[in-house]
Amino acid sequence: AGAGAPTGSAIAGAGQINVGRFSFTAPATTGVTVSGMTFTKVGVVSDSNISNLYLADVNTGAVVAQFQSLSASVATFSGLALNVAAGQTAWYELRADISSSATSGNTIAFDLTGVTTVGSTSVAGLPVKGNVLTVTSVSNPAIATVSMTETTNSSANSTVDAGTNSVLVSQWTVAVTNSPVYLRSLQYSFVGSANVGDVRNLRLLVNGNQVATLPMAATETVFSMNANPLKLNTGNSTLQIFADVAGSPNRTFRFSLLQPYKANFMDSQYNAGITATVTNTSYSFSINTGSITVAVASDSPTTAVPAG
């Protein structure tokens, strides 16, 4: 555990609560790929009160793995491919969804008890103790809620010509209740047969204001606002993604929030994470072959050309 490690309380009913932050430093001479992590729960909160665990990249806020069904107080994330460059340090955060039925006053912590690497590089420093948190309940106001509903199908054309710029490729209504929230990151899955490199110059707008950009799409397209979270007041906000569609004719694509945890919000009143309710549509774009328009230049000569 280190800078940004959680302290104090964990609110019953909150989602993606930061329950531990851990650093991984590679040797100066070689990079390391972390392939697995094992966490052990301590404290009196029961396993059944932890509905999900998430491993997230602290830098981007993106969730890199999910774990369900905590058993015997042990959670093992396997099949990871987290690269740490030679001499560099990477930070990862363990997050948890805590049931609203968790008893106030009970304690919880997660220790990092195991790390596996590609090539079986030795790992020093284990176990790493997590800070102990105390469960608490809130009611006035209740913890904030966030509902995201995709409205792309009512706001965008279903076809787009290759070579078209500033295309509205995703639109959502975000409804917030109880207290304002902070938007920390959005992690969209790029779905379809189009080449991700052909969808470029992405711009994320909230209520018409540009808040984040990306040079191109990716299989997991992450808009990170971790360094400066965006405050959304109670009520409805409109979230839009615009992009340039450079190629991939006769193919399709869409941006989808496949899992609710890929939208990372925090209650501004209690500084606690929130699991959003997400409603996707199956709306997708078909890319047409682009066209070229040929015209005579305005300064083209119009007089007769003398023979010879």
Side-chain angles (χ1 to χ4, degrees), residues 56-57 59-64 146-176 181-233 236-265 276-293:
D57 183 325
N59 182 46
T60 65
V63 172
V64 298
V146 176
S147 176
M148 296 186 66
T149 303
E150 186 176 10
T151 58
T152 313
N153 58 333
S154 62
S155 306
N157 295 321
S158 60
T159 60
V160 58
D161 290 340
T164 304
N165 294 334
S166 295
V167 178
L168 176 62
V169 295
S170 190
Q171 178 165 297
W172 300 73
T173 296
V174 183
V176 178
V181 300
Y182 288 105
L183 172 59
R184 298 172 61 186
S185 65
L186 290 167
Q187 184 175 348
Y188 288 92
S189 297
F190 186 90
V191 181
S193 56
N195 185 336
V196 293
D198 285 331
V199 181
R200 307 171 184 171
N201 299 323
L202 280 72
R203 298 182 293 124
L204 175 65
L205 277 67
V206 175
N207 296 328
N209 298 312
Q210 183 172 299
V211 297
T213 61
L214 290 170
M216 67 178 58
T219 303
E220 290 295 303
T221 301
V222 180
F223 292 97
S224 177
M225 287 145 281
N226 258 3
N228 187 24
L230 176 70
K231 188 175 184 179
L232 299 181
N233 291 318
N236 290 346
S237 294
T238 299
L239 185 152
Q240 298 169 306
I241 300 175
F242 289 85
D244 300 345
V245 180
S248 296
N250 303 315
R251 297 190 179 187
T252 63
F253 75 95
R254 64 186 299 261
F255 289 92
S256 178
L257 283 171
L258 294 180
Q259 293 88 12
Y261 63 77
K262 292 187 175 181
N264 186 212
F265 294 91
T277 300
V278 177
T279 303
N280 285 281
T281 68
S282 57
Y283 194 80
S284 64
F285 291 86
S286 297
I287 304 174
N288 298 324
T289 303
S291 60
I292 298 176
T293 301

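Along the sequence shown, the residues carry numbers beginning at 1. Computed over heavy atoms, backbone and side chain alike; hydrogens, waters and symmetry mates excluded.
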- line: Heavy-atom nearest pair, L202 first then A217, reads CD1-N, 3.6 Å
D57 (side chain) donor-acceptor with N59 (main chain) under 3.5 angstrom: yes
- prompt: Can you name the residues that form a ring-ring contact (aromatic ring centres under 6.0 Å, His included) with F253, not counting sequence neighbours?
  reply: F190, F285
task: For F242, check ring-ring contact (aromatic ring centres under 6.0 Å, His included) against everything at least two apart and list the hits.
output: none
- prompt: About how many Å separate CD1 of I241 and CZ of R203, when rounded to the nearest 0.5 Å?
  reply: 11.5 Å
- request: Enter the distance from N280:CG to E150:CD here, rounded to the nearest 0.5 Å.
  value: 5.5 Å
query: Counting only N and O atoms by type, is there a donor-acceptor contact under 3.5 Å from the side chain of Q187 to the main-chain atoms of V63?
result: yes
- prompt: So, does Y188 use its side chain to make a donor-acceptor pair with the main chain of F223 at under 3.5 Å?
  reply: no
query: How far apart are the C-alpha atoms of T152 and F255, what are their side-chain angles, what is the distance that settles it, and do they pass the side chain to side chain contact (heavy atoms under 4.5 Å, CB included) test?
result: CA-CA 10 Å; T152 313; F255 289 92; over 6 Å; no
field: For V222 against A62, the heavy-atom pair lying closest together
entry: CG2-CB, 3.9 Å
message: Please determine whether side chain to side chain contact (heavy atoms under 4.5 Å, CB included) holds for the pair M225 and V206, giving the CA-CA distance in whole Å, both sets of side-chain angles, and the decisive distance to 0.1 Å.
response: CA-CA 12 Å; M225 287 145 281; V206 175; over 6 Å; no
Nearest heavy-atom neighbours spanning A276 and P260: O-CB, 3.3 Å
- line: CG of L183 to OG of S224, rounded to nearest 0.5 Å, is 9.5 Å
- prompt: R200: what forms a salt bridge (charged side-chain N to carboxylate O under 4.0 Å, His left out) with it, not counting sequence neighbours?
  reply: D198
- prompt: Rounded to the nearest 0.5 Å, how far does CG of N209 lie from OG1 of T238?
  reply: 11.5 Å
S189 vs E220 side-chain heavy atoms within contact, under 4.5 Å: yes
query: Would N226 and T60 satisfy side chain to side chain contact (heavy atoms under 4.5 Å, CB included), going step by step from the backbone distance to the final call?
result: CA-CA 7 Å; N226 258 3; T60 65; 5.9 Å; no
- prompt: Do any N or O atoms from the side chain of S284 and from the backbone of R254 form a donor-acceptor pair under 3.5 angstrom?
  reply: no
field: Pair L257-W172, side chain to side chain contact (heavy atoms under 4.5 Å, CB included): steps then yes or no
entry: CA-CA 11 Å; L257 283 171; W172 300 73; 4.0 Å; yes
statement: A56 and G61 have their tightest heavy-atom pair at CB-O, 4.3 Å
message: Rounded to the nearest 0.5 Å, what separates atom CG in L239 from atom OG1 in T151?
response: 9.5 Å
query: With no hydrogens and no angle check, is any side-chain donor or acceptor of D244 less than 3.5 Å from a backbone partner on S166?
result: yes
message: To the nearest 0.5 Å, what is the distance between CD on Q210 and CG on L204?
response: 8.5 Å
query: If only atom types and distance count, is the side chain of S193 paired as donor or acceptor with the main-chain N or O of T252 below 3.5 Å?
result: yes
